[in-house]
Amino acid sequence: MSEEVVLFEEQHHHPRVIIKNFLSLHQCKELEFIHKSSSTVGYRPNVFSTTLSHLIATNFSHFIIPFIPIRDRLKDKVEEFFKCEFELFIEFTGLISWSRGASIGWHSDDNRPYLKQRHFAAVCYLNDYGKDFNGGLFHFQDGEPTSIIPMAGDVVMYTSDHRNIHSVDEIIDGERLTLTLWFSRDDSHNEDVKLVSLLSQNLLHKNMADSYLPLPASSNMYWFSQDQASNNQFGFNICWARLHVLGYDIYICQDSSCESDVSELLLKPVRLVRGNELLDHEFVNILHALQIVHFYCWKGSALQTKVSITDTKVVKLSDEQRERINGLKSVLLNDDDLALRVFSSKPSEENGRICFDWTRIVAAIAAWEDYVLKLTKQIHLQLPSWRMHESIYDVRLGEQ
């Protein structure tokens, strides 16, 4: 479907624009895959985020590639619709999801002294109200439209000041996912300069294989509890929990006990478990396994299988292995009910309808590697141009 501009207020009172079908369904699903396989706990209760700097720090630099054409288009649209007679800089790019209980009251996006550099905002919706989540409607305090129903592919753009005070209703169930960008007139807040520096530090001395295998951040970035402000240890590791709500467990291959440091556990090789079956394939760590599972959720039945069930090396779980899994679960998922409340999908969600098949999980391992290798090659080819211009953009072959 082609994009459609629904509303733009020319007057100065409440400058905002809504564009329907700005992103394709493929783009929405790809960004959802990236977020659900790499996110950390967010800046507000029941909120989870994936920033570009976090992707770089955890060896997910290649995942920046799908963002680039979207960022460029959004920047062009903001400059066009708001008639900017000056260059804008992208101040922040991030995937943000809101789960059950998350909400925010009336505010403008520049309502703190440290946010005054934010002049324009763009919120791209990546999934659907009523299908993937309930609640979470976006409201403007003044002007039209008063409310926006989030639908995958749509984007709302507005000034970040008092002219566009807004709120978001509490999420009732499901997970509401957006790609959010802020733009600034101040080049000292140019996100690209910082990102290019981080990419240079992380990629210049790495070979291709080392630059796409995930490296978990500190364990506290993945730990969710009901009261994030306290030292309450009852909660869950969000990597483990996202696998758990999809029906998987993790078996840590090396000798590990429930007394082990959680950060060390996140670095250990793992195998996937479903029910009483264990896939005899070693993943680098839990993030690697999480990526494969969400890649499978994204691609689903489209994956081409060239293996039979006997080739997948599925074995029955022993009592000793089950006991070890339960011991680790008591450390990494010690509030099972909370994990289900936060991450359980609505029954109608597409991922919930994918029929599980070990052969397609094995196919996903090979397809994932092809996918990330392609992105990794692109980022290595484009990095020299980004470093030269201190800007992240879609480099054409002739410009290299």
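In this chain, residues are counted from 1 in sequence order. Source: prediction; values computed, not measured.
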Using a 4.5 Å cut-off between side-chain heavy atoms of Ile, Leu, Val, Met, Phe, Trp and Tyr, which other residues end up in the same hydrophobic cluster as Leu215?
Leu267
Residue pairs passing the ring pair (Phe, Tyr, Trp, His ring centres under 6.0 Å) test where at least one lies in residues 178-202, sequence neighbours excluded:
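Those involving residues 178-202 are Phe92-Trp182.
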How would you list all residue pairs meeting ring pair (Phe, Tyr, Trp, His ring centres under 6.0 Å) that involve residues 95-119, not counting sequence neighbours?
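Non-adjacent pairs meeting ring pair (Phe, Tyr, Trp, His ring centres under 6.0 Å): His107-His166.
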In sequence, state the C-alpha distance, the side-chain angles, and the governing distance for Ile250 and Lys329, and then conclude on side-chain contact (heavy atoms from CB on, under 4.5 Å).
CA-CA 9 Å; Ile250 286 293; Lys329 190 183 294 185; over 6 Å; no
Does [X] reach the side chain of [Y], with side-chain heavy atoms less than 4.5 Å apart?
| X | Y | result |
| --- | --- | --- |
| Val17 | Phe81 | yes |
| Glu80 | Asp76 | no |
| Val270 | Asn285 | no |

Worked check of salt bridge (Lys or Arg N to Asp or Glu O under 4.0 Å) between Glu79 and Lys75:
CA-CA 6 Å; Glu79 290 176 339; Lys75 181 171 175 286; 3.2 Å; yes
Between [X] and [Y], a side-chain donor and acceptor under 3.5 Å:
| X | Y | answer |
| --- | --- | --- |
| Thr93 | Glu191 | yes |
| Trp298 | Glu30 | no |
| Asp186 | Ser188 | yes |

Just verifying a value: how many Å separate [X] [atom1] and [Y] [atom2], rounded to the nearest 0.5 Å?
| X | Y | atom1 | atom2 | value |
| --- | --- | --- | --- | --- |
| His14 | Ile165 | NE2 | CD1 | 9.5 Å |
| Ile292 | Leu287 | CD1 | CG | 11.5 Å |
| Tyr222 | Ser263 | OH | OG | 10.0 Å |
| Asp154 | Thr178 | CG | OG1 | 13.0 Å |
| Leu177 | Asp128 | CG | CG | 11.0 Å |
| Ile171 | Asn46 | CD1 | CG | 9.5 Å |

Is it true that atom [atom1] of [X] has more than 12 heavy atoms of other residues, nucleotides or ligands lying nearer than 6.0 Å?
| X | atom1 | value |
| --- | --- | --- |
| Lys194 | NZ | yes |
| Ile149 | CD1 | no |
| Asp370 | CG | yes |

ring-ring contact (aromatic ring centres under 6.0 Å, His included) involving [X] - partner list, sequence neighbours excluded:
| X | result |
| --- | --- |
| His288 | Phe283, Trp368 |
| Phe63 | Phe33, Phe60 |
| Phe120 | Phe82 |
| His162 | none |

[X]/[Y] ion pair, N-O < 4.0 Å:
| X | Y | value |
| --- | --- | --- |
| Arg118 | Asp109 | no |
| Arg242 | Glu175 | yes |
| Glu32 | Lys29 | yes |

Under the criterion side-chain contact (heavy atoms from CB on, under 4.5 Å), I'd like the reasoning laid out for Phe295 against Gln291: C-alpha separation, chi angles, the key distance, then a yes or no.
CA-CA 6 Å; Phe295 189 83; Gln291 277 198 26; 5.9 Å; no
Can you say whether the rings of Phe343 and Phe48 are parallel (under 30°), tilted (30 to 60°) or perpendicular (over 60°)?
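Phe343 vs Phe48 ring planes: tilted.
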I'd like to know whether the aromatic ring centres of Tyr125 and Phe138 sit less than 6.0 Å apart in this structure.
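No, too far apart.
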Not counting sequence neighbours, which residues clear side-chain hydrogen bond (donor to acceptor under 3.5 Å, both in side chains) with [X]? List them please.
| X | value |
| --- | --- |
| Ser160 | none |
| Thr40 | none |
| Ser49 | none |
| Tyr129 | none |

Salt bridge (Lys or Arg N to Asp or Glu O under 4.0 Å) for Arg71 and Asp192? Distances and angles first, verdict last.
CA-CA 11 Å; Arg71 292 168 91 240; Asp192 283 15; 2.7 Å; yes
Evaluate the criterion side chain to side chain donor-acceptor pair (under 3.5 Å) for residue pair His139 and Asp169; output intermediate values, then yes/no.
CA-CA 8 Å; His139 304 286; Asp169 291 344; 2.8 Å; yes
Who passes side chain to side chain contact (heavy atoms under 4.5 Å, CB included) against Asp187, sequence neighbours left out?
Phe89
Using the salt bridge (charged side-chain N to carboxylate O under 4.0 Å, His left out) rule, pick out the option among Arg274, Arg322, Arg271 that qualifies with Asp249.
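Considering Arg274, Arg322, Arg271, a salt bridge (charged side-chain N to carboxylate O under 4.0 Å, His left out) with Asp249 is found only for Arg322.
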Show your reasoning for whether side-chain contact (heavy atoms from CB on, under 4.5 Å) applies to Tyr393 and Ser385.
CA-CA 9 Å; Tyr393 61 101; Ser385 294; 3.6 Å; yes
